[in-house]
Amino acid sequence: MKTLYEVLKENPGNTRTNILLNINKLIKQHLGPDMNTCTLSLITNVFNPIAPPLGAMLTPQVMQLAEQALIKFRAEGCNDLYVILSTFGGDIHFPELFMSKARGLGFERVNIIIPSIAMSAGTLLTMLTDRVIGFSSTSIGPVDPQFILSTPQGPRIVSTIAFKRLIEETLPKLANERGLGPDGLSKLYVAQDLYLYQESLRSIDYVRHVLSTNLKEKTHEKQEELLNTFLTDVETHGKPFGLQKLEELGFTVIFLDKEERYKELSDAIIEYYARVEHAFVFELSRGIRLILIGTPFGEIIQ
């Protein structure tokens, strides 16, 4: 029979913490030898990918835990923050809020590590940081704000960009093709939620403002191409892009799988992410679930 100490020692969270400690040591060795490094894990929508991601990344608990971790790191003298990020998306305001906290606390450099995927708000957070670290297979995606609508069939997720196109392009084209005239087009508009259209425009303008304000020096003359790729000319909300696209647009990107010297760090990150991804694989509950795990070293898992 095992003692309580032995059981706790074998706890999966304890194992992940030890891997995180090793990751931070390897980061210090290979990526930040001249600075005091620290690593935070921010992983959302791993345990229940069918759950709508809009509630992720900005619940009071998540932001509170994130801020506590940042304050702790700064008190320990850390000035080079690394965030292991994996998310299908979340509240579009989270990236700017998180970065304002980090910059306000005095972190000289904020780096994002993406083991697998960081879509939507995760992509926006990635673009606001100083360096992007990942793999050739890493996926990011369009920064396309979403809304949840209540319908007779249940909750429905709507893309703001798709709704904007519906109002500005699809309905006028339909009215023209059917010869409905201005009155007919007006009736088509009446059937739509124009408040949602206004909110769509507001959300898109917010993302454009955040990107334009924070990325002037980073993207230079490719600013408009960046906005077109990730915001304006979006085909679908879930369209994946590789980190190569960010590299082409002027971002500092490090591919861990392209250089042999990063192999040990790469293996440690892959092992850590695999343990997180399968931590609660046998849980059968459905719907939106929130799981927060705060370890001494810094894990926020949602």
Side-chain angles (χ1 to χ4, degrees), residues 40 42-45 52-59 62-63 66 70 81-104 107 109-134 138-147 157-162 164 199-219 222-253 300 302:
L40 174 69
L42 178 60
I43 300 180
T44 74
N45 300 109
L54 280 77
M57 296 175 70
L58 194 56
T59 63
V62 170
M63 199 61 241
L70 296 181
L81 175 65
Y82 290 78
V83 180
I84 299 176
L85 177 67
S86 178
T87 182
F88 297 136
D91 192 296
I92 206 67
H93 298 92
F94 178 87
E96 188 178 36
L97 179 57
F98 181 88
M99 289 303 298
S100 68
K101 296 283 187 186
R103 300 298 189 196
F107 287 96
R109 190 168 60 185
V110 180
N111 314 267
I112 285 289
I113 300 174
I114 308 176
S116 177
I117 187 169
M119 304 296 282
S120 193
T123 299
L124 180 57
L125 177 58
T126 297
M127 290 193 287
L128 298 183
T129 58
D130 299 296
R131 293 193 302 181
V132 185
I133 301 157
T138 293
S139 294
I140 55 176
V143 186
D144 174 20
Q146 307 274 282
F147 290 109
I157 299 179
V158 177
S159 158
T160 57
I161 294 174
K164 179 175 181 290
E199 289 300 303
S200 297
L201 293 180
R202 187 176 293 114
S203 296
I204 293 169
D205 286 344
Y206 169 76
V207 174
R208 178 179 288 273
H209 171 73
V210 170
L211 289 174
S212 300
T213 302
N214 290 277
L215 301 182
K216 285 180 180 177
E217 296 181 1
K218 188 176 293 186
T219 56
K222 295 186 177 180
Q223 178 79 217
E224 200 57 37
E225 183 182 349
L226 172 82
L227 293 171
N228 290 339
T229 301
F230 289 95
L231 183 63
T232 308
D233 300 333
V234 175
E235 298 172 11
T236 63
H237 179 73
K239 179 179 180 179
F241 297 103
L243 292 182
Q244 294 85 350
K245 176 58 68 174
L246 289 183
E247 189 176 42
E248 292 169 6
L249 292 170
F251 290 80
T252 301
V253 181
I300 301 174
Q302 189 178 13

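Across all non-hydrogen atoms, the minimal contact from Gly141 to Phe230 is O-CD2, 3.5 Å. Closest approach of Val110 and Thr129 over heavy atoms only: O-CB, 3.3 Å. Nearest heavy atom pair, residue Phe107 against residue Leu70, reads CZ-O, 3.6 Å. Pairing each heavy atom of Leu40 with each of Leu81, the nearest pair is CB-CD1, 4.4 Å. Here the closest heavy-atom approach between residue Thr138 and residue Ile114 is recorded as OG1-O, 3.0 Å. Heavy-atom minimum distance, Pro115 versus Ile113: CD-O, 3.5 Å.
To the nearest 0.5 Å, atoms CD1 (Ile84) and CD1 (Ile133) are separated by 10.0 Å. Separating the CD atom in Glu225 from the OG1 atom in Thr232 is a distance of 12.0 Å, to the nearest 0.5 Å. For the atom pair OG (Ser212) and CD (Glu224), the distance works out to 8.0 Å, reported to the nearest 0.5 Å. From Thr160, atom OG1 reaches atom CG of Leu231 across 7.5 Å, with rounding to the nearest 0.5 Å. Annotation: the span from Asp91 atom CG to Ser120 atom OG amounts to 10.0 Å, rounded to 0.5 Å. Note that NZ of Lys245 and CG of Leu243 are 12.5 Å apart. Values are rounded to the nearest 0.5 Å.
When the options Thr126, Thr252, Asn111 are evaluated for a side-chain hydrogen bond (donor to acceptor under 3.5 Å, both in side chains) with Arg131, the one that passes is Asn111. Residue Met127 is tested with Asn214, Leu226, Val132, Leu249 for a side-chain contact (heavy atoms from CB on, under 4.5 Å); the sole match is Leu226.
For Asp233, the side-chain contact (heavy atoms from CB on, under 4.5 Å) partners at least two apart in sequence or on another chain are Asn228. Shown here are the side-chain contact (heavy atoms from CB on, under 4.5 Å) partners of Ser159, two or more places apart in sequence or in another chain: Asp144, Gln146, Ile161, Ala162.
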*Using the side chain to side chain contact (heavy atoms under 4.5 Å, CB included) rule, take Leu201 and Lys164 through it: C-alpha gap first, then chi angles, then the decisive distance, then the call.*
CA-CA 7 Å; Leu201 293 180; Lys164 179 175 181 290; 3.6 Å; yes

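Residues Tyr82 and Arg109 meet the side-chain proximity criterion, which asks for heavy atoms closer than 4.5 Å. Side-chain contact between Leu128 and Phe98: absent, with no pair of heavy atoms (C-beta onward) separated by less than 4.5 Å. Using a 4.5 Å cut-off on side-chain heavy atoms (C-beta onward), Leu215 and Phe251 make contact. Under the 4.5 Å side-chain criterion, counting only non-hydrogen atoms from C-beta, Val143 is in contact with Ile92.
Listed for the Thr87 side chain is a donor-acceptor partner under 3.5 Å among the backbone atoms of Gly89. With Thr123 contributing its side chain and Ile140 its backbone, the two residues share no donor-acceptor pair below 3.5 Å.
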